[in-house]
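A short worksheet on the structure shown next.
If you're wondering where the values come from, they're calculated on a predicted model, not measured in any experiment. Order of appearance sets the numbers: ligands from 1, and atoms from 1 within every ligand.
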Amino acid sequence: MLGATGLVGSTILELLATRDFPVAELVLLASERSAGKEVEWNGEALTVRAVSEDSIQGLDLVLSSAGGSVSAEWTPKLVAAGATVVDNTSYWRMHDDVPLVVSEVNPDALAGHNGIIANPNCSTMQMVVALKPLYDAAGIERLVISTYQAVSGTGKAAIDELRAEARAVVGGYDVPAPQVYPHQIAFNALAQAGSFPEGDDHTDEERKLINETRKILGDPGIRVSATCVRVPVETGHSEAVNVETREPLEPERARELLAAAPGVTVIDDPAAGRYPMAIDAAGRDDVFVGRIRRDPGNDRALDIWVVSDNLRKGAATNTVQLGELLIERGLLNRG
Ligand SMILES: NC(=O)c1ccc[n+]([C@@H]2O[C@H](COP(=O)([O-])OP(=O)(O)OC[C@H]3O[C@@H](n4cnc5c(N)ncnc54)[C@H](OP(=O)(O)O)[C@@H]3O)[C@@H](O)[C@H]2O)c1
């Protein structure tokens, strides 16, 4: 594992143990800062090593979550050393020769890999799991998406920032200057998840939702409008998605399709106050869907509410599922 000490990395470690992943030897790699640290895994104390030409030798499968620039540098070296890499960063996702795979949506794309498999962005991942059964039944013409994204999507430092600011507000003392986000996140909502690439009026997070959705569903014709908002939730992204289908699709039929879809749990009884919530999704692997209803302004569109743990299905769970599929299907570089 590369990035073993991070938020995604520690969630992957937990899943490798609980899912009984077939591990002969587990090697934990991170930066020089963590070299020598001990991490408890499955009753063993494992020592973290710094990623280096030496420490990357002899690995069959690398589950990687150490940031884009680390991935740009080390993934080709890992592949040259014989490993198959499942990468969590955005760096490889839109490369033509790198499959971008969600285990319930396009697992067959794994077969075409050249050593690197990209794990999608968290907000795209949970949305496409919910969209796949609707897409298969009625096609998708257009999506209008608003996200409400948790701070853990930005890493450990962002959780610390939210907690420190919240303590200051509640305690009535000065809120520390933000370091991770451009503004205070506690008791606020920022109309900016990600950053604005130069000359673009969309954030990189919004562009990921647009481009990755088309690549995973294999349909470049889908029109996508996205607004990504950061909210003071610790874990669990929520999304309001308006889905315009190509063929008519009744909300009742959509509810049935979603209830039968792998990886999806429908919670949809608004009169009883039941719909998916981030605090319930946190720590679970499923994508939760509710508020399934007709868009009153468009008889070919539905509105749905999609919630999932961004560290689980949005990152670590899918990474581990892809590792399992690569092994089951005999698709590792080193057989
Ligand atoms: N959080 C999410 O919901 C989410 C979802 C999908 C994808 N991702 C992506 O996954 C990646 C990691 O996210 P995270 O939330 O786990 O971040 P994080 O908590 O900040 O952890 C970063 C990890 O990368 C390691 N690292 C940093 N610089 C390194 C270097 N130069 N060489 C080797 N290792 C290095 C860190 O090791 P040290 O402890 O040694 O610094 C740590 O293990 C990011 O690219 C992120 O965009 C995150």
Please write down residue, atom name and distance for the protein heavy atom closest to [atom].
atom	value
atom 37 (O) of ligand 1	Thr5 OG1, 3.2 Å
atom 21 (O) of ligand 1	Gly6 CA, 3.1 Å
atom 27 (C) of ligand 1	Arg33 NH2, 3.5 Å

Taking the six-membered ring for Trp, are Trp74 and Tyr91 ring centroids under 6.0 Å apart?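 So the answer is no for these two rings.
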Does the pair [X]/[Y] count as a salt bridge with the N-to-O cut at 4.0 Å?
X	Y	value
Asp136	Lys132	yes
Arg312	Asp285	yes
Asp219	Arg246	yes
Glu247	Arg300	no
Arg253	Glu250	no
Arg163	Glu234	yes
Lys313	Glu104	yes

With backbone taken as N, CA, C and O and side chain as the heavy atoms from C-beta onward, which portion of [X] lies under 4.0 Å from ligand 1: side chain, backbone, both, or neither?
X	answer
Val51	side chain
Val8	both
Ala157	neither
Ala4	backbone

Number the atoms of ligand 1 from 1 as they appear, then name those within less than 4.0 Å of a heavy atom of [X], with their elements.
X	answer
Ala315	5 (C), 6 (C)
Ala30	33 (C), 34 (N), 37 (O), 40 (O)
Thr89	45 (O)
Leu311	1 (N), 2 (C), 3 (O)
Ser152	1 (N), 2 (C), 3 (O)
Ser34	38 (P), 39 (O), 40 (O)

Identity of the nearest option to atom 23 (C) of ligand 1, non-hydrogen atoms only, from Gly155, Pro120, Ser65, Ser10: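 Comparing heavy atoms across Gly155, Pro120, Ser65, Ser10, the nearest one to atom 23 (C) of ligand 1 lies in Ser65.
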